[in-house]
Structures are given as structure tokens and as C-alpha cells.
Peer 1: 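Have a look at this one.
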There are 2 protein chains.
Amino acid sequence: MDDIARDTGLSAMTVSRALRESQSVSAATREKVLEATQRLGYHVDFIARQLRAKHAFQLGVVVSFRGYVGHYYFGQIVQGMQQVLAGTHYHISLFDLESEDFNDPLKCVNLCHQRRVGGLVIVGPGQKERFPKILADLAMPLIVVGSSLGRQAISYVAVDNISGARAMTEHLLDLGHRRIGFIQGWREGRDSAQREQAFRKTLAAHKVPVMEQWIGPGEYETRKAHHLAMEWLSRPAPPTAIFAANDLMAYGVIDAARSLGLRVPEDLSVAGFDDLGSSADFVPALTTVAQPMASLGTVAARYLLDVLQTNGPAAVLHQKLPTQLQVRSSTAPPGKSAVAGASKPKRRTSRRA
Amino acid sequence: MDDIARDTGLSAMTVSRALRESQSVSAATREKVLEATQRLGYHVDFIARQLRAKHAFQLGVVVSFRGYVGHYYFGQIVQGMQQVLAGTHYHISLFDLESEDFNDPLKCVNLCHQRRVGGLVIVGPGQKERFPKILADLAMPLIVVGSSLGRQAISYVAVDNISGARAMTEHLLDLGHRRIGFIQGWREGRDSAQREQAFRKTLAAHKVPVMEQWIGPGEYETRKAHHLAMEWLSRPAPPTAIFAANDLMAYGVIDAARSLGLRVPEDLSVAGFDDLGSSADFVPALTTVAQPMASLGTVAARYLLDVLQTNGPAAVLHQKLPTQLQVRSSTAPPGKSAVAGASKPKRRTSRRA
DNA sequence: GCCAGACTTGTTATCGATAACATTCATGCT
DNA sequence: AGCATGAATGTTATCGATAACAAGTCTGGC
């Protein structure tokens with residue numbers, strides 16, 4: 001600030017230049033300025049810089065606080081973003097979908113302009129329908145994370161549910177399973193539907209019949225999946241494998257199997273989707289499809305930064321990140337005994353962790 | 001902006017006033033201004049307002065992205081903060097403990113001044129040692145969330161581990177348990193130590209001997225607790241109840257009991273600490289100590305807002321929030337059979353959810 | 001009829017950094 | 001010598017909102 005200028009006998013302008021540009025300031029002057037800056041403990045005021053630059057060096061993350069911030073994924077995504085932003089001047093600002101009323105495009109625009117947010121990351125399910133219209137009003141780089149939006153002119157980065165579910169289904173088929181159940185997630189979200197479709201198509205491609213009685217809703221909830229699995233497994237001739245649309249439901253299935261005296265994976269193979277942090281430590285360790293959540297954040301942040309730097313017309317990014325099949329201890333070839341039903345008691349063995 | 005002023009034939013000042021103050025502007029004028037504001041799609045520029053007000057209407061959340069953002073609690077705390085901030089103009093900005101180098105007090109001050117952060121919320125373990133010094137340099141309201149700092153002149157809000165662990169221990173004693181194990185969390189953190197101390201003291205107060213062989217380290221990890229419980233439970237005369245310092249470890253204990261053919265809670269009572277979202281849905285539903293994580297955020301945000309509004313010298317807040325005992329299905333009076341050991345197979349019953 | 005006091009609106013200066021333009025000074029060329 | 005060139009620095013204006021102060025208007029009371 002002016003103190004530095006006075007201290008060094010220079011003008012504020014020169015100080016400003018010395019602190020930013022490498023050209024057009026003599027080495028001796030820069031030296032002096034830097035020294036004084038250190039000594040007086042000066043630091044640029046971002047707000048003022050932002051006002052002049054019409055730019056706040058901020059990326060907004062729009063998220064449902066009520067429904068999603070407590071979620072495991074949210075932190076992962078933010079962490080991925082931060083990795084990209086660490087080297088830059090950019091920061092992350094959180095916007096609450098509920099309290100800000102992002103349903104109203106006008107308010108949304110207001111807020112972003114008010115805060116001079118450089119770009120927006122929309123996180124979480126259920127946003128896809130309303131954001132197209134908002135974007136039209138919003139001359140702002142924007143990317144939706146976690147939902148694939150189809151062919152719309154909005155950028156998104158999502159996880160490739162289809163290849164992930166296909167890989168898992170093939171894994172179960174390769175093990176020899178032919179009687180496979182599938183537990184669905186939310187009906188509203190596209191993710192679960194894609195996983196289910198991939199499951200069905202992969203079975204069909206391998207000429208394995210799809211058993212409609214073993215496809216049912218679990219809403220991504222442990223408890224609902226538990227109930228469903230109890231039903232399936234306590235009837236005669238139950239499935240030999242169950243593929244749940246997320247890990248939490250897989251936990252529920254495993255628990256149901258146990259309370260019926262079935263061993264996992266000997267009597268029933270169970271597969272999930274997500275690879276939650278706890279899934280590797282679960283007993284038995286869960287076979288699942290790992291979602292690259294941090295990478296979602298990384299890609300989103302990098303995209304916005306790119307767009308902001310080129311400041312040309314924003315290229316639309318439609319990216320699906322590959323999943324990774326994590327084969328652990330909850331899946332195995334089907335045992336002969338399982339066909340007989342669930343009532344027969346078995347000897348219990350300790351499981352590999 | 002000026003457009004509004006021109007449109008309404010008023011001065012920018014009057015427009016500014018009409019949009020903020022309820023006094024000192026005539027109703028007719030305000031009407032006109034608001035109408036024009038709507039029509040022209042105007043919105044105040046926060047950056048400019050901030051520059052003038054020397055104040056950014058932001059609370060910084062300092063958190064270890066690497067270690068804590070993915071954690072379940074983080075979202076809860078942020079959610080709690082947002083509840084308080086929803087009615088205000090304040091927003092949440094995230095600062096990464098790692099990439100910002102908050103170890104260096106100078107850099108920390110710089111950053112906060114640069115961003116004009118109004119107050120700081122420090123989240124996560126392990127901050128207590130270094131922040132005192134930083135605070136001295138930092139003329140900024142600050143509160144540490146989740147760690148009790150003892151008698152230092154830094155505000156904190158934390159969970160009352162001691163009363164929580166005492167309540168749980170008394171619950172187990174009330175049920176009739178006398179052979180109770182305890183699984184510790186991280187050695188470094190104070191939380192686990194406090195829970196353990198409360199456990200020991202409560203036993204002592206009830207003249208129940210503390211069994212050192214049934215107190216062991218679990219590091220808050222499911223798997224480690226699983227191993228430890230396997231060891232304890234496969235020996236003769238095992239404990240009839242195990243109190244784990246967090247829920248994840250309780251899951252591990254329940255799993256260990258099951259793989260040894262023990263029923264929970266009939267043969268072994270298991271208690272946790274945290275009340276994770278999944279714990280109520282776990283089968284059996286977990287008896288645990290609920291931590292008011294969202295309240296931590298709420299209290300922290302409210303404290304900072306208070307301090308910022310009074311702008312007098314900040315009163316130091318040392319608050320411990322009460323926990324709540326959640327009695328569910330994983331604890332019960334000790335069965336007679338448990339004393340005999342773990343090898344005898346039992347009939348399996350379905351459990352209450 | 002005139003003025004105190006309340007009410008409403010306008011003017012100027014400011015927050016701090018910096019873009020755009022102006023100025024100074026030294027060097028090298030004809 | 002005289003002037004063009006360019007490097008280094010200084011001046012002014014600006015981003016947009018608003019605090020502080022100024023001024024104008026209206027009311028009622030003497």
C-alpha cells in the first residue's frame with residue numbers, strides 16, 4: 001500500500017508493479033520493494049484487486065447442504081478441487097442450494113454476480129432439469145458434477161455407471177453365477193437406472209435370463225436392502241449373487257444373509273457400487289465398483305480454470321470417468337449348497353479380511 | 001448502480017439507501033427504486049460493498065483437506081454453520097490447512113486479511129498446539145471446533161466426551177454388566193483419552209474392577225477393533241459387553257462376535273460413540289452416544305457472528321456440548337450363557353431393527 | 001410570516017489496487 | 001549536437017458502493 005511507497009520513496013504504482021510484473025521494473029527497485037513489503041508485513045488486498053479486476057478468484061460450489069454436504073462424496077469432490085486450486089489464487093466458496101433459492105434463475109445470477117464467482121460447480125443429484133434454463137441467463141462457466149446430462153449444452157463430468165456395472169456383472173458371470181439379483185437405488189436419479197440397464201444388457205449379452213423377481217428397490221438404504229434380501233433369501237432357490245447399486249445396500253444384504261445363516265461369499269456373493277472408505281475394511285471386504293470421486297472434483301476445477309483462462313467461448317465438456325472394479329472377499333464362485341436353500345445350518349469359519 | 005439512478009431520476013446514493021435502509025427514504029421513492037431494480041435486473045456488487053465496508057461477510061473454515069474434508073463430521077459441521085448463516089449475508093469459504101501453510105502465522109494472517117475473512121473456524125484434530133501463537137498475531141475472531149483446548153484464551157466448542165462416556169458406562173452397568181471391555185481410538189487425540197478416563201472412573205465409582213486386559217487400541221478403525229474383539233472373545237470367560245470409542249469400531253466388534261457365533265445383544269452387548277448416520281439402520285441398531293456435530297457448527301457460527309456484531313473485545317467461549325445416549329438394540333442385560341464361552345452354537349433369531 | 005426541527009435527497013470523498021496515459025531520463029544513432 | 005527509442009517511474013482515473021457531510025423541502029408553532 002501507500003506505506004510501502006512512502007517507505008521506499010516510490011509511487012504506489014511502482015510498488016504494485018514490482019509485486020506483480022517481472023518486466024518494466026528495475027531489479028534494484030523490486031529488491032527494495034520486496035524488502036519493505038516483508039519488513040512492514042504488507043499483503044495485497046484481494047477485495048480491492050477483485051474490484052478493479054472484476055474478478056474474484058473464486059469458484060462456487062453449489063450443493064444441497066441439507067441433503068448432500070454430510071455425504072461422503074461431497075468431501076471427496078471438494079478435496080479433488082482443492083488439489084487443482086492449491087497452486088492458484090483461487091478459492092472455494094460454498095453456496096447452499098436450499099437457503100439461496102437456486103430455483104429462481106434470477107436470484108442465482110444475482111448471487112453469483114454479487115460474489116463475482118468465476119465459475120460454478122453444481123454438485124449432487126436432481127439438478128439436471130432446472131439448470132439448463134439458468135445457464136442461458138448466466139454468462140458464467142459452469143459444470144455439473146456427478147450427473148450425466150445427456151446431450152445438453154452444459155458441461156458435466158460424471159462417473160461411467162454403465163461400464164462399471166457391466167464390469168461387475170461380468171465379474172459375477174465369470175465366477176459362474178447365473179442367478180443374480182439387483183437392488184436399485186433412488187428411482188429419481190439416473191445413476192441407478194444406468195447401472196440397472198447395464199446389468200440387464202450384460203446378462204442378455206451373455207444369454208443369461210434376467211430374473212425380474214430379483215430386481216427390486218432399495219433406495220440406496222441399508223435397511224431397505226436388508227429387508228429385500230431377507231425376502232429373496234428366505235424363499236426356496238434364492239439367488240447365488242446379489243449386486244447392490246451402492247455399498248450401503250450391500251452391507252444390508254450381507255447382514256441379511258448372515259442372519260439367515262448364510263456365509264458370504266461361500267453361500268452368497270455380494271457386490272456393491274461406490275467403494276466407500278469403509279468398504280475395504282468391512283468384514284468380509286466388499287467387492288465393489290470404485291468411483292473416482294476426487295477425480296470428479298479435479299476435472300471440474302481444471303475445466304473451470306481452463307475456461308476462465310482462455311476467456312473465449314467455453315467449450316462444452318462431457319466427460320465420463322472410468323470406474324474401477326475392486327474384487328475383494330465378498331464374491332466367489334457359487335457353492336453347490338446354496339441351491340438347496342437357506343435353512344440348513346453351516347459350520348461357521350473365520351473370514352479373510 | 002447508476003443505471004437505476006438515471007432511470008428513476010434519482011442519485012446513486014438514494015438508490016443505495018433505498019435498497020438497504022428502511023428509514024430516511026420515502027415510500028414512493030423506494031417503490032420506484034425497487035421496481036427499476038427488478039426491471040433492469042440489478043444486483044449489488046458485494047465486492048465493492050466489501051471494499052467500502054472493509055469487511056467481506058465471510059467466515060473461513062480452516063480444515064485439513066487431506067485428512068478431514070472427506071470425514072463424515074466435516075459436512076455436519078458445515079451444515080450446522082450454514083443454518084445460522086442462512087439468514088445473513090455471510091458465506092463460508094474453505095481454507096486448506098495443507099496448501100495454505102497455516103503453520104506460518106504470517107502467511108495465515110496474510111491470507112485472512114487478503115480475503116477479508118471476518119472470522120475463522122478451525123476444524124479438526126491436532127490444531128490445538130500451534131494456534132495459540134497464531135491468534136496473538138491475528139486480530140480476528142476465531143473458534144476451534146471439536147477440540148477442547150483446556151484453559152487457553154482461545155474459544156472452542158467441543159463435545160463433552162466425559163459425560164457421554166459416563167452415561168454409556170452407567171447404562172452398561174445398569175443393565176448388569178460387570179465384565180466390560182473398552183476399545184480406544186487414536187492415541188494422539190484427546191477425545192479417546194477422555195472417553196477412556198470417564199469409563200474408568202465410572203467403573204471405579206461403582207466399585208467395578210477395571211479389566212486391563214480388556215482395554216486395548218483400535219485407532220478408530222473397524223478392522224483393528226475386529227481383530228481385538230476376536231482375541232478377547234475367543235478366550236475363555238470373555239467380557240459381556242464392549243464399549244468402543246467410536247461407532248466404526250463397534251461395527252467391527254459386532255462382526256467379530258458374529259463370526260464366533262455370538263449373538264448381539266443376547267451374548268454380547270456392544271456400544272459405540274458418535275451415532276453415525278448409518279448406526280440407527282445398522283442391524284442390530286447400535287446403542288451409542290450421539291455427538292451433536294451440527295450443533296458444533298451452529299454454535300461456532302453464532303459465536304463468530306456475535307463477536308463480529310458487538311465488535312468489542314471478543315469474549316472467550318469455552319463450551320462443551322452435551323451428548324445424548326441413544327439406547328438401541330445392540331445392548332441388553334448379560335445372558336447366562338455368555339459366561340460359558342464362545343464356542344457353543346446358538347439358535348439364531350431375527351433381530352429388531 | 002418566519003424559523004426550528006424532522007425528513008428526504010444530493011455531493012464529495014473514500015476503500016485499495018491498477019489500467020491507461022504521461023513523464024522522465026539515458027542511450028545510441030545519424 | 002539533436003533526436004528517436006525505450007526503459008523506468010509517476011499521475012490520473014476507475015472499479016461500485018457508501019460514509020460523511022451538505023442542502024433542500026415540508027411541517028407546525030409562536
Side-chain angles (χ1 to χ4, degrees), chain A residues 1-37 40-58 89 109-118 139 311, chain B residues 1-37 40-58 89-91 109-118 139 311:
Chain A
M1 52 172 67
D2 292 334
D3 296 345
I4 307 283
R6 224 167 300 130
D7 184 274
T8 55
L10 295 161
S11 74
M13 189 68 242
T14 308
V15 172
S16 173
R17 273 194 280 249
L19 291 173
R20 289 175 299 127
E21 307 167 31
S22 30
Q23 309 302 319
S24 76
V25 167
S26 76
T29 305
R30 177 171 16 268
E31 198 77 10
K32 240 188 334 189
V33 169
L34 291 179
E35 185 274 333
T37 298
L40 301 180
Y42 163 82
H43 34 81
V44 271
D45 183 317
F46 268 73
I47 303 281
R49 176 182 284 181
Q50 284 162 20
L51 179 61
R52 195 78 237 281
K54 295 172 149 282
H55 183 11
F57 297 95
Q58 275 190 333
H89 286 277
V109 176
N110 281 4
L111 192 81
C112 297
H113 280 183
Q114 279 178 352
R115 292 273 163 184
R116 299 262 185 93
V117 170
N311 68 50
Chain B
M1 52 172 66
D2 291 334
D3 295 344
I4 307 282
R6 225 167 300 131
D7 183 273
T8 55
L10 294 163
S11 75
M13 189 68 241
T14 308
V15 173
S16 172
R17 271 193 283 248
L19 292 172
R20 288 174 299 127
E21 307 167 32
S22 30
Q23 310 300 321
S24 75
V25 168
S26 74
T29 305
R30 176 168 20 265
E31 198 76 11
K32 237 185 342 184
V33 169
L34 291 180
E35 185 275 329
T37 297
L40 302 179
Y42 164 82
H43 35 80
V44 269
D45 185 318
F46 267 72
I47 302 282
R49 177 182 284 180
Q50 284 162 20
L51 178 62
R52 190 82 239 278
K54 293 171 151 285
H55 183 8
F57 297 96
Q58 275 190 332
H89 285 278
Y90 280 81
H91 274 243
V109 175
N110 281 5
L111 193 79
C112 298
H113 279 183
Q114 279 180 353
R115 291 274 162 186
R116 299 263 186 93
V117 170
N311 69 50

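The sequence lines fix the lettering, A, B, ..., with proteins before strands; numbering per chain opens at 1.
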Peer 1: Going by heavy atoms in the side chains, are L51(A) and R116(A) under 4.5 Å from each other?
Peer 2: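 Side-chain contact under 4.5 Å: yes.
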Peer 1: Check every strand shown and say whether R20(A) touches a base, only sugar-phosphate, or nothing at a heavy-atom separation below 4.0 Å.
Peer 2: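 The residue R20(A) makes sugar-phosphate contact but no base contact.
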Peer 1: Judged by each residue's nearest nucleotide on DNA chain C, which is more toward the 5′ side, A48(B) or R17(B)?
Peer 2: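 Counting from the 5' end, the first nearest nucleotide belongs to R17(B).
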Peer 1: Between dA17(C), dG10(C), dT9(D), spot the one nearest the side chain of T14(A), thanks.
Peer 2: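 Within the option list, the nearest is dT9(D).
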Peer 1: At less than 3.5 Å, do the side-chain atoms of R116(B) and the base atoms of dG16(C) form a donor-acceptor pair?
Peer 2: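 Not at all, since no donor on one side and acceptor on the other fall under 3.5 Å apart.
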Peer 1: Side chain of R52(B), base of dG16(C): donor and acceptor closer than 3.5 Å?
Peer 2: no
Peer 1: Do the non-hydrogen side-chain atoms of Q58(A) and R115(B) ever get within less than 4.5 Å of each other?
Peer 2: yes
Peer 1: With a non-hydrogen cut-off below 4.0 angstrom, is S26(A) in contact with a base, only sugar-phosphate, or nothing?
Peer 2: sugar-phosphate
Peer 1: Checking all strands, does L10(A) fall into the base, sugar-phosphate, or nothing category for heavy-atom contacts under 4.0 angstrom?
Peer 2: sugar-phosphate
Peer 1: Mind checking F46(A) for me? I need base, sugar-phosphate or nothing, with any heavy atom below 4.0 Å counting as a touch.
Peer 2: nothing
Peer 1: Taking the side chain from T8(A) and the backbone from I4(A), do they hold a donor-acceptor pair closer than 3.5 Å?
Peer 2: yes
Peer 1: Taking only the side-chain heavy atoms of M13(A) (C-beta and beyond), determine which of dA17(D), dT11(D), dA17(C) contains the nearest atom.
Peer 2: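 It is dT11(D).
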Peer 1: Rounded to whole angstroms, how far apart are OH on Y42(A) and P on dG16(C)?
Peer 2: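 My rounded result for the distance is 10 Å.
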Peer 1: Does S26(A) form a side chain to side chain donor-acceptor pair (under 3.5 Å) with R30(A)? I'd like the steps, not just the answer.
Peer 2: CA-CA 6 Å; S26(A) 76; R30(A) 177 171 16 268; over 6 Å; no
Peer 1: Report the end-to-end axis angle of the helix from dG1(C)-dC30(D) to dT30(C)-dA1(D); each axis comes from five terminal pairs, and the value is rounded to 10°.
Peer 2: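 The helix from dG1(C)-dC30(D) to dT30(C)-dA1(D) shows an end-to-end axis angle of 60°.
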Peer 1: Base, sugar-phosphate alone, or nothing: which one does R30(B) contact when heavy atoms must sit under 4.0 Å apart?
Peer 2: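 Touches nothing.
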Peer 1: Measure up the F46(B) and H89(B) rings against each other and bin them: parallel (under 30°), tilted (30 to 60°), perpendicular (over 60°).
Peer 2: tilted
Peer 1: Does S24(A) place a side-chain N or O at less than 4.0 Å from the phosphate oxygens OP1/OP2 of dA7(D)?
Peer 2: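 For dA7(D), neither OP1 nor OP2 has a side-chain N or O of S24(A) closer than 4.0 Å.
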Peer 1: Among the candidates dA17(C), dT9(C), dG16(D), find the nucleotide nearest to the side-chain atoms of K54(A).
Peer 2: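 In terms of side-chain proximity for K54(A), the closest of dA17(C), dT9(C), dG16(D) is dG16(D).
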Peer 1: Give a yes or no on whether E31(B) atom CD has more than 12 heavy-atom contacts from other residues, nucleotides or ligands under 6.0 Å away.
Peer 2: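 Result for CD/E31(B): open.
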Peer 1: Measure from CG on L51(B) to P on dT18(C) and round the result to the nearest Å.
Peer 2: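 For the pair L51(B) CG and dT18(C) P, the rounded distance is 12 Å.
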Peer 1: Can you name the atoms? Protein N/O to nucleotides 23-26 of chain C N/O, anything below 3.5 Å, with the distance.
Peer 2:
none

